[in-house]
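Each remark here refers to the structure printed beneath this line.
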Amino acid sequence: MSLKVYNSLSRQKEIFTPINAPYVGMYVCGPTVSGESHLGHARPFITFDVIYRYLLQLGYKVRYVRNITDAGHFEEEGREAEDKISKKAVLEKLEPMELVQKYTNLYHWAMSRFNNLPPSIEPTATGHIVEQIEMIKKIIADGYAYEANGSVYFDVEKYNTDFSKLGKPYGMLSGRNLEDQLDTTRELDNQEEKRDKNDFALWKSAPPEHIMRWNSPWGEGFPGWHIECSAMSSKYLGEEFDIHGGGMDLQFPHHECEIAQSTVCNHKTPARFWLHNNMITIQGKKMGKSYNNVIKLTELFSGDSPILEQAYSPMTIRFFILQSHYRGTLDFSNEALQASEKALKRLWEAYEWYSKQIFLEGSTASDKTLDEKVQKLVTEFDEFMDDDFSTAKVLANMFELSSFINSIKDKHISVTAISSATALLLQKQLKVYLEDVFGLIGERSSDYGQLDGVLQLLISIRKDAKSKKDFMTSDKIRNELVGLGVQLKDEKDGGTSYSFN
RNA sequence: GGUCCUGUGGCCGAGUGGCUAGGCAGAGCUCUGCAAAAGCUUCCACAGCGGUUCGAAUCCGCUCGGGACCUCCA
């Protein structure tokens with residue numbers, strides 16, 4: 001059994017083999033901290049967190065690098081060479097770095113609520129200006145970039161001509177060729193600095209009002225959009241590393257430019273496997289700033305948005321994302337999120353109950369067929385994950401298993417129907433997958449211990465009332481707790497359990 | 001205009017040519033003082049039209065619809 005992943009570069013599933021097993025280098029494009037993260041941003045970070053966790057689970061020693069873009073990009077290239085971050089800073093009367101800090105903190109807060117593991121290294125663009133300048137110098141020295149009025153541009157045409165001969169044309173990742181680009185572009189203003197429309201900026205001269213600026217051999221300015229990822233990935237992962245991830249919308253031009261820059265500097269395509277997650281849509285349209293249809297994560301968690309019928313917890317969103325395959329689009333709707341919320345609750349309750357059961361070793365299965373079925377469902381977890389991280393299929397199996405678990409709980413199926421070995425395997429694999437690989441956690445308030453005491457007291461009072469057939473009192477306790485978000489359930493064994501809605 | 005993806009039941013979503021994922025919602029039953037939850041059963045499907053095949057949701061073609069990238073974008 002071996003892991004297969006879909007490589008955007010080859011457009012097919014390939015067996016994943018690290019360059020230097022057991023070490024794996026993975027780079028994922030992180031956020032631009034010029035604003036709040038929204039639901040769309042959550043997808044790559046959750047997707048690649050699960051990929052990271054799965055690689056760790058397989059025993060790889062992974063260095064996971066995810067950058068923070070805090071140097072800003074151009075608002076609209078060629079027209080207004082303005083830094084997004086410094087522009088907003090002026091509007092909000094904040095220091096650029098204060099703004100960057102604010103949104104970085106918010107981003108980290110959201111990541112931890114999603115229970116995403118922190119990356120091994122989280123480099124910032126502003127912390128690597130020197131490396132970026134060095135890289136640009138090298139590209140100029142090799143003849144693939146030129147200076148114009150204090151800015152530096154990458155010569156795409158020359159790169160394409162030279163590297164096409166080596167089988168590495170510009171556009172190899174996104175599957176487009178330069179001729180098509182030339183034929184179909186519309187006119188842009190103020191392009192005179194560039195020799196060719198396809199050229200992209202490596203270094204941009206800073207206009208006087210620009211706050212974020214650094215000294216360089218070409219004058220004061222700031223780095224272009226693509227160079228930071230090339231500089232930081234090669235610094236921390238080497239000239240050639242295993243996995244490069246990001247959203248599909250970064251494939252062109254961002255990742256294409258990264259490939260060009262790194263290939264010139266290191267004579268190697270930087271990453272072997274390029275993984276791209278698809279977009280989250282809303283009413284069929286991509287969620288994105290330009291469409292004005294984003295739902296910020298803070299809104300999602302609080303329910304504070306006209307689009308939202310209620311708040312959705314981070315785990316509901318995580319589960320929602322895991323229920324689809326990462327390369328397909330995923331459509332947001334209240335209905336879909338509510339379905340995920342209920343589904344997760346059901347799954348989690350079955351899991352928690354089963355994980356508390358104690359199985360004696362050495363017992364055999366009284367129902368061989370059922371035993372085999374359970375075993376099959378559990379062993380398929382690995383097969384599905386190995387098939388390009390098919391989390392949705394694993395979850396489907398888990399739901400079948402939770403029906404089985406609930407049947408044992410309700411005593412429709414005997415505990416001894418399956419062997420203790422199978423039961424222990426199920427118990428172990430549920431934990432491994434739900435908690436370690438999928439990164440799901442139970443959602444409990446911090447003062448849970450105290451609350452539990454109070455609830456047990458109420459349950460006990462209600463039990464007394466019930467035994468005296470005082471249903472007025474017992475129903476009052478149960479109904480008012482529902483109003484507070486606590487659901488009491490009278491179990492078959494005479495006990496009473498509760499869950500938070 | 002160029003490049004590419006996609007169209008699955010009321011909704012969300014898996015689907016490697018043959019054995020109809022799964023979730024939510026709906027219906028019935030069981031359990032229950034009543035609930036809630038759970039279990040069992042059940043309804044509802046592969047955009048349309050051709051073709052290949054013994055057999056197609058899955059492959060091919062056309063038509064219609066939706067979307068992405070080509071500009072900052074996860």
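- A/Asp475 contributes a side-chain N or O that forms a donor-acceptor pair with the base of B/G33 under 3.5 Å.
- A/His255 and A/His226 share no side-chain donor-acceptor pair at under 3.5 Å.
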TODO: Please report the C-alpha distance between A/Phe45 and A/Phe114 in whole Å, then the side-chain angles of each, then the deciding distance to 0.1 Å, and finally whether the ring pair (Phe, Tyr, Trp, His ring centres under 6.0 Å) criterion is met.
DONE: CA-CA 9 Å; A/Phe45 302 138; A/Phe114 281 128; 9.2 Å; no

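- No contact: A/Leu347 has no heavy atom under 4.0 Å from any strand.
- Using a 4.0 Å cut-off, some side-chain N or O of A/His41 falls inside it from OP1 or OP2 of B/A74.
- In this structure, A/Lys345 pairs ionically with A/Glu349, as a charged nitrogen and a carboxylate oxygen lie closer than 4.0 Å.
- Comparing atom distances between the A/Arg176 side chain and each of B/C12, B/C70, B/G67 picks out B/C70 as nearest.
- Nucleotides B/C46 and B/A57 place their P atoms 9 Å apart, quoted to the nearest Å.
- For the pair A/Lys466 NZ and B/U32 P, the computed distance is 11 Å after rounding to whole Å.
- Nucleotides B/U53 and B/C40 are separated by 43 Å at their P atoms, to the nearest Å.
- Under the Watson-Crick or G-U wobble criterion, with both distances below 3.5 Å, B/U53 has no partner in any strand shown.
- Annotation: B/G61 and B/C73 have their C1' atoms spaced 36 Å apart (nearest Å).
- Using a 4.0 Å heavy-atom criterion, one finds that A/Met398 contacts no nucleic acid atom at all.
- Only the C1' atoms considered, B/G13 is 41 Å distant from B/G33, to the nearest whole Å.
- Taking the P atom of each, B/U16 and B/C60 are spaced 13 Å apart, rounded to whole Å.
- Phosphate contact (OP1/OP2 of B/C5, side-chain N/O of A/Tyr6, threshold under 4.0 Å): absent.
- Looking at heavy-atom distances under 4.0 Å, A/Thr281 makes no contact with the nucleic acid at all.
- Distance CG (A/Leu401) to P (B/A38): 16 Å, rounded to an integer number of Å.
- Counting any heavy atom pair closer than 4.0 Å across all strands shown, A/Ile280 reaches a base atom.
- Remark: A/Arg346 is not in phosphate contact with B/A37, judged by side-chain N or O atoms under 4.0 Å from OP1 or OP2.
- A donor-acceptor contact under 3.5 Å links the side chain of A/Arg478 to the base of B/A35.
- The phosphate of B/A25 has OP1 or OP2 within less than 4.0 Å of a side-chain N or O from A/Lys342.
- Nearest nucleotide to the A/Asp410 side chain, out of B/G33, B/A38, B/C69: B/A38.
- What separates CD of A/Gln12 from C1' of B/C5 is a distance of 17 Å, to the nearest Å.
- Between A/His244 and A/Phe273, the ring center distance fails the sub-6.0 Å criterion.
- Shown here for A/Arg318 and A/Ile46, the closest heavy-atom pair between the two residues is CG-CG2, 3.9 Å.
- Nearest to the side chain of A/Asp249, among B/G13, B/G39, B/C69, sits B/C69.
- Ranking B/A74, B/C12, B/A14 by closeness to the A/Asp331 side chain, first place goes to B/C12.
- Nucleotide B/A68 forms a Watson-Crick or G-U wobble pair with B/U3, both donor-acceptor distances falling under 3.5 Å.
- Taking atom C1' in both B/A21 and B/G51, the straight-line distance is 29 Å, to the nearest Å.
- A/Met248 has its CE atom 19 Å from the P atom of B/U3, to the nearest Å.
- For the pair A/Pro31 and A/Leu395, nearest-nucleotide mapping onto RNA chain B gives the more 5' position to A/Leu395.
- In this structure, A/Glu380 places its CD atom 13 Å from C1' of B/U16, rounding to the nearest Å.
- Residue-level contact check: A/Ser407 touches the backbone only, with heavy atoms under 4.0 Å from sugar-phosphate atoms and none from bases.
- Residue-level contact check: A/Lys285 touches the backbone only, with heavy atoms under 4.0 Å from sugar-phosphate atoms and none from bases.
- Rounded to a whole Å, the NE2 atom of A/His255 is 20 Å from the P atom of B/C4.
- The phosphate of B/G13 has neither OP1 nor OP2 within less than 4.0 Å of any side-chain N or O from A/Lys393.
- Atom CD of A/Gln283 is surrounded by 12 or fewer heavy atoms from other residues, nucleotides or ligands within 6.0 Å.
- Using a 4.0 Å heavy-atom distance criterion, A/Phe404 is classed as making no nucleic acid contact.
- Nearest nucleotide to the side chain of A/Gln323, out of B/A36, B/G33, B/G22: B/G22.
- As judged by a 4.0 angstrom heavy-atom cut-off over every strand, A/Asn278 is placed among the base-contacting residues.
- Both A/Glu335 and A/Pro253 lie close to RNA chain B; mapped to their nearest nucleotides by heavy-atom distance, the more 5′-ward contact belongs to A/Glu335.
- Among the heavy atoms of the strands lying under 4.0 Å from A/Asn406 are primed sugar atoms or P, OP1, OP2 only; no base atom is included.
- With B/C73, B/A38, B/G15 as the candidates, the nucleotide lying closest to the side chain of A/His325 is B/G15.
- For B/C59 and B/U6, the P atoms lie 9 Å apart once the distance is rounded to whole Å.
- In this structure, A/Leu39 and A/Met287 have side chains that are in contact, with non-hydrogen atoms separated by less than 4.5 Å.
- Within 4.0 Å (heavy atoms only), A/Ala396 reaches at least one base atom of the nucleic acid.
- For B/G10, the paired nucleotide is B/C24, the pair qualifying as Watson-Crick or G-U wobble because both relevant distances are below 3.5 Å.
- Using Watson-Crick or G-U wobble geometry with both donor-acceptor distances under 3.5 Å, B/G39 finds its partner in B/C29.
- Note on A/Met287: a base of the nucleic acid sits closer than 4.0 angstrom, heavy atoms only.
- When all heavy atoms of A/Arg327 and A/Met248 are compared, the pair lying nearest together is O-CE, 3.8 Å.
- Remark: A/Ser174 is not in phosphate contact with B/C69, judged by side-chain N or O atoms under 4.0 Å from OP1 or OP2.
- Under 4.0 angstrom from either OP1 or OP2 of B/C69 there lies at least one side-chain N or O belonging to A/Lys286.
- The existence of a salt bridge linking A/Arg462 and A/Asp490 is confirmed by a sub-4.0 Å separation between a basic side-chain nitrogen and an acidic carboxylate oxygen.
- Side-chain N/O atoms of A/Arg462 include none lying less than 4.0 angstrom from OP1 or OP2 on B/A35.
- As a whole-Å value, the separation of A/Gln283 CD from B/C12 P is 11 Å.
- Proximity note for A/Phe252 (side chain, C-beta onward) versus B/A74, B/A21, B/C70: the nearest is B/C70.
- B/C44 and B/G9 have their P atoms separated by 14 Å, given to the nearest Å.
- Contact annotation for A/Gly40: base contact, defined as any heavy-atom pair under 4.0 Å involving a base atom.
- Residue A/Phe399 is classed as a sugar-phosphate contact, given heavy-atom separations below 4.0 Å to backbone atoms only.
- A donor-acceptor contact under 3.5 angstrom links the side-chain atoms of A/Asp490 to the base of B/C34.
- The 12-atom threshold is not exceeded at NZ of A/Lys4, counting heavy atoms of other residues, nucleotides or ligands nearer than 6.0 Å.
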